[in-house]
Amino acid sequence: MPAREDLDFTVAGAKLQSDKVVGDKRVVEAVLPSTGALEVKWQRELPKAAQQASRVLSEVYTLVSLGEGLMRATTTAQYTILFTGVDKLALKVPKDMTVLDVVGAGVREWKVDGEGNLGVQLNYAAKGAYSLRIEMEKVVRGDIKDVAAPVPVPVGVERARGFVGVESRGNLEVDAGDVKGATPVDVRALPAAILGITGQPVLLGYKYLGTDVSIPLSAWQHVDADVLVTLLDETRARTMWTREGRRLTSVKYRIRNNRRQFLRLALPKGGELWSASVGGRAVQPALAADKRVMIPLVRSQAAGGELAAFEVEIVYVENGAPPSDNGRGQFAATLPRADAPCTYVAWTVYAPDDAKVKRWSIDGNLRKVRYLSNPIPAEDMNYVQTATPQMAEAAQNQAAPGGSLGDGAMPVPVSLPLQGREVHFEKLLALDEELTIGFKYRGLKKR
């Protein structure tokens with residue numbers, strides 16, 4: 001450019017390297033990233049006496065996360081830069097915190113010295129609204145006691161104000177000590193720059209004005225309480241009872257499982273397991289040291305924020321006492337004892353048509369009912385595979401060689417030839433207990 005006038009050059013998105021006069025020409029050199037567009041602006045340069053110094057205001061939003069052995073902080077520093085742009089920003093951070101990253105528009109480099117002075121160099125002169133995001137962490141051992149919340153403080157600003165939110169990552173009880181330079185606030189009044197970056201509940205909230213702020217924090221670790229990870233939503237049993245006293249029983253469990261590997265079942269004394277399936281696919285059960293049958297489980301798929309239930313079925317046979325010569329006898333049976341609670345149990349016994357049950361003789365901890373509260377669907381009256389495609393795929397993967405559903409010969413699915421007169425029993429909320437029924441009958445003549 002001609003050097004007749006003093007001009008002030010601006011190259012958008014670039015770092016000016018030199019601005020000099022060579023002969024009668026004005027030569028400006030700048031370094032900029034690879035781009036498809038270039039914008040150069042110039043105007044008459046104001047005398048230095050007429051230029052107004054920069055005014056920088058700041059608001060700092062810090063979310064402090066306390067976890068097991070770790071304190072993390074995410075800080076968003078919002079600047080308002082008036083009059084003249086600035087290409088350097090400075091903050092004071094706690095010396096014992098490790099700065100992991102500094103993110104902002106046009107950040108060229110950042111550096112932290114041994115005194116906790118964080119310097120940020122921009123590749124252009126920022127003006128107006130500007131934002132920096134700072135990630136920090138610190139390893140803590142044992143319980144946290146009176147550890148200062150890491151609050152970065154902007155340096156060289158006319159006004160500094162900010163907010164601090166504190167959250168817990170894990171079973172930590174969090175408390176604050178003698179707070180100085182800050183005022184507690186309702187956590188619901190904290191800015192979105194804090195509440196919007198976490199899905200955990202924010203436990204403590206503070207606001208402050210100035211640079212002299214101290215928020216000492218303490219946290220204690222508590223032992224995790226045992227919670228339910230596997231639940232039987234339903235247990236539906238059907239027993240085919242023959243004239244000779246033999247019993248063939250199918251039990252279907254609707255299960256929601258989060259973490260357990262096996263469902264352990266104690267079969268009735270003398271019961272012989274014939275088949276087992278998970279999610280509609282035959283599986284190979286295992287036998288525990290205490291003789292309980294171990295049915296390998298898949299993990300429930302997430303559905304609408306909840307765990308979806310899948311089906312486990314076993315079929316077993318057992319011998320019972322045959323009727324006497326005069327057609328009288330006593331029926332007594334026990335369901336397999338599961339190591340998970342069940343919210344609803346339904347048991348239907350298919351008795352020979354000419355067997356007459358004596359009402360006064362009903363025994364056991366299941367209640368005899370005329371009709372089940374939750375009837376068995378008609379399509380479930382015979383053996384069908386009811387797995388969803390996702391559950392079938394999970395079962396297929398776990399049944400592959402080396403999978404968790406077991407190797408070896410797969411059992412053959414068994415269907416019950418259901419016929420006879422139905423006798424219904426049910427129970428709500430079965431915990432760790434035996435489920436038994438019993439009654440006396442007459443009229444069952446041998447053929």
Side-chain angles (χ1 to χ4, degrees), residues 67-68 169-171 198-200 223-237 250-267 273-316 335-346 374 376-377 379-380 383-414 429-433 435:
E68 297 180 4
R169 296 279 181 172
N171 291 329
T198 179
Q200 300 290 326
V223 178
D224 292 341
D226 292 334
V227 295
L228 191 65
V229 296
T230 301
L231 175 66
L232 307 180
D233 286 333
E234 289 183 348
T235 298
R236 291 189 176 274
S250 164
V251 186
K252 291 186 177 182
Y253 304 96
R254 287 187 57 81
I255 298 180
R256 284 181 290 161
N257 178 47
N258 187 27
R259 204 166 54 231
R260 186 177 291 186
Q261 186 177 358
F262 294 98
L263 174 67
R264 288 174 167 82
L265 300 172
L267 293 181
L273 184 65
W274 275 12
S275 72
S277 66
V278 175
R281 179 180 176 83
V283 298
Q284 176 62 60
L287 195 62
D290 58 2
K291 305 302 181 183
R292 287 189 296 177
V293 174
M294 301 168 60
I295 308 297
L297 300 177
V298 295
R299 187 166 182 171
S300 292
Q301 304 293 320
E306 298 183 356
L307 294 179
F310 60 94
E311 188 176 89
V312 170
E313 181 183 19
I314 64 168
V315 178
Y316 63 93
L335 282 182
R337 187 168 183 171
D339 65 342
C342 181
T343 56
Y344 175 73
V345 180
N374 296 322
I376 299 176
E379 63 271 14
D380 197 34
Y383 181 88
V384 291
Q385 295 190 352
T386 58
T388 63
Q390 295 82 2
M391 191 58 65
E393 181 180 358
Q396 175 73 27
N397 293 337
Q398 293 189 246
S404 63
L405 291 187
D407 300 325
M410 291 294 107
V412 177
V414 178
L429 193 58
L431 302 177
D432 186 14
E433 57 185 307
L435 300 173

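- How far CZ of R259 is from CD of Q261: 12.5 Å, rounded to the nearest 0.5 Å.
- Closest heavy-atom contact between C342 and E234: SG-C, 3.8 Å.
- Remark: T343 pairs with L231 by the side chain to side chain contact (heavy atoms under 4.5 Å, CB included) rule, at least two apart or across chains.
- Under the rule for a side chain to side chain contact (heavy atoms under 4.5 Å, CB included), the partners of E433 that lie at least two apart in sequence or sit in another chain are N365, K427, A430, L431, L435.
- Partners of Y316 by side-chain hydrogen bond (donor to acceptor under 3.5 Å, both in side chains), not counting sequence neighbours: none found.
- A heavy-atom distance below 4.5 Å is not found between the side chains of V293 and I314.
- The side chain to side chain contact (heavy atoms under 4.5 Å, CB included) check on R337 picks up A266, D432, E434, with sequence neighbours excluded.
- Checked options I295, V283, N257; the residue passing with V312 is I295 (criterion: side-chain contact (heavy atoms from CB on, under 4.5 Å)).
- To the nearest 0.5 angstrom, E311 atom CD is 7.0 Å from R254 atom CZ.
- Interatomic distance, CG of L265 versus OH of Y253, reported as 4.5 Å (0.5 Å rounding).
- Within the 3.5 Å criterion, the main-chain N or O of N258 finds a donor-acceptor partner in the side chain of R299.
- By the salt bridge (Lys or Arg N to Asp or Glu O under 4.0 Å) test, R292 pairs with D290, sequence neighbours left out.
- Under the salt bridge (Lys or Arg N to Asp or Glu O under 4.0 Å) criterion, R256 pairs with D233, sequence neighbours left out.
- Rounded to the nearest 0.5 angstrom, T235 OG1 and L335 CG are separated by 7.5 Å.
- In this structure, T230 and P341 approach most closely via the heavy-atom pair O-CD, 4.1 Å.
- Expressed to the nearest 0.5 Å, how far CH2 of W274 lies from OG of S250 amounts to 12.5 Å.
- Using a distance-only test at 3.5 Å, with no hydrogens or angles considered, no donor-acceptor pair links the side chain of S300 to the main chain of A309.
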